[in-house]
Trainee: 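Dropping a structure here in structure tokens format, bear with me for questions.
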Amino acid sequence: MQSNNKKPVVVGIGELLWDMLPTGKKAGGAPINFVYHASRLGAEGYAISAVGDDGLGREILEELDNNSIRYLIEKVPYPTGTVQVTLQDGVPDYIINERVAWDHLSPTSNAIDLAERAGAICFGTLGQRSAQSRETIQAILSFAPDDAYRCFDINLRQHYYTKELIEESLYLANMLKVNDGELVVLRDMFHLEGTDKEVAHWFIEHYNLRLVVLTAGGAYSTIYTANEESTLQTPEVQVADTVGAGDAFSGALVISLLKGASLREAHEFAVRTAAYVCTKEGAWPAYEE
């Protein structure tokens, strides 16, 4: 892996899969979506995951190559991940198949080397649903530099999370991204009361976070730090689907911050990027030059 020192190194680790959409299959997986958008916006991005030695695995690696996404992808004796996606008014619902390749990640020396030079690493709960991948993701994260953004995009799906897993992840993270529905789950799980701002600051203080990012779909988003707060309304656009919009928001926010933007500037860029992605189908839309 040759590094271009002008570009921040950004890593997504976890699920790599085919979203089986009504219109056909699209490559995705939240951490890999994050890498796609960060790469398109100026990062040296890498996906860390696993595929099966099967047709779907070979096809998804071709998709990564075709979209100029660098990767460290193991081939393991399990099927490549797939998710059945149905859309209701453009909003996705998922059936996530189990015992697939990305449930069997291992902490390779190349992955650890990559983590050591990362400016940002994105991970979530879904990628940690198996014990093996959970241990691997947490081990790799532990090698990230102290000043790297360790973005815990919580990404709650079905029953694939526990309070224990969320706490372990929060202790390894310094940036928490949640949507408004996930914030309700966290309020109940941690027995919290008060405003969204008070809840966000509770997490900042208890887990030593640099940022809490709250997205509320088509309404607004707010970014909290210990000393700053930025709220922006979500622009109205013609929505094709919302698949990957949150990952685009995270990728744009992180690359903007790594390039030295202020919190407000980075937030504005993230909002614009996510809105653009909503106007396109699938998680990896082409970027206009």
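Each residue takes its place number in the sequence, starting with 1.
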Trainee: Would you give the length of the straight line joining atom CG of L263 to atom CG of L253, rounded to the nearest 0.5 angstrom?
Mentor: 7.5 Å
Trainee: Quick one, R210 and Y149 - any side-chain contact, counting heavy atoms below 4.5 Å?
Mentor: yes
Trainee: In terms of relative ring orientation, are Y207 and W202 parallel, tilted or perpendicular, with 30° and 60° separating the classes?
Mentor: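 Because their plane-to-plane angle is over 60°, the rings of Y207 and W202 count as perpendicular.
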Trainee: Nearest 0.5 Å, what's the CZ-CG distance between F123 and D153?
Mentor: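 It comes to 9.5 Å.
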Trainee: For the side chain to side chain donor-acceptor pair (under 3.5 Å) test, which of R134, E168, Q138 pairs with Q128?
Mentor: Q138
Trainee: In this structure, are over 12 heavy atoms from other groups packed under 6.0 Å from D65 atom CG?
Mentor: yes
Trainee: May I have all residue pairs that pass side chain to side chain donor-acceptor pair (under 3.5 Å) and include part of residues 219-228, sequence neighbours excluded?
Mentor: S221-H267, T222-T231
Trainee: Taking the side chain as everything from C-beta on, heavy atoms only, tell me whether I13 gets closer than 4.5 Å to P31.
Mentor: no
Trainee: Could you state the interatomic distance from CZ (F34) to OG (S39), rounded to the nearest 0.5 Å?
Mentor: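 Those atoms lie 9.0 Å apart.
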Trainee: Would you say the side chains of E98 and Y160 form a donor-acceptor pair under 3.5 Å?
Mentor: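 There is such a pair between these side chains.
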Trainee: Please report whether the ring centroid of Y78 lies less than 6.0 Å from that of W102.
Mentor: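 Ring centres of Y78 and W102 not closer than 6.0 Å.
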Trainee: Would you mind telling me which of V100, I60, L56, L17 makes a side chain to side chain contact (heavy atoms under 4.5 Å, CB included) with T82?
Mentor: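 Single side chain to side chain contact (heavy atoms under 4.5 Å, CB included) partner of T82 among V100, I60, L56, L17: L56.
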Trainee: Looking at CG of L141 and CZ of R150, how far apart are the two atoms once the value is rounded to the nearest 0.5 Å?
Mentor: 7.5 Å
Trainee: Centres of the Y71 and Y46 rings: under 6.0 Å?
Mentor: no
Trainee: Listed by chain and number, what are the side chain to side chain donor-acceptor pair (under 3.5 Å) partners of Y161, not counting sequence neighbours?
Mentor: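 If we apply the side chain to side chain donor-acceptor pair (under 3.5 Å) test to Y161, skipping adjacent residues, there are no hits.
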Trainee: Is the number of heavy atoms from other residues, nucleotides or ligands under 6.0 Å of I95 CD1 greater than 12?
Mentor: no
Trainee: Centre-to-centre under 6.0 Å for H37 and Y287, is that the case here?
Mentor: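 Centroid separation for H37 and Y287: below 6.0 Å.
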Trainee: Can you tell if the side chain of E74 reaches within under 4.5 Å of the side chain of S106, non-hydrogen atoms only?
Mentor: yes
Trainee: Can you give the donor-acceptor pairs under 3.5 Å from side chains of residues 177-187 to other protein atoms, not counting sequence neighbours?
Mentor:
residue: N179; atom: OD1; partner: G181; partner atom: N; Å: 3.1
residue: N179; atom: OD1; partner: E182; partner atom: N; Å: 2.7
residue: E182; atom: OE1; partner: N179; partner atom: N; Å: 2.9
residue: E182; atom: OE2; partner: N155; partner atom: N; Å: 3.4
residue: E182; atom: OE2; partner: L156; partner atom: N; Å: 3.0
residue: R187; atom: NH1; partner: G194; partner atom: O; Å: 2.8
residue: R187; atom: NH2; partner: G194; partner atom: O; Å: 2.9
residue: R187; atom: NH2; partner: D196; partner atom: OD1; Å: 2.8

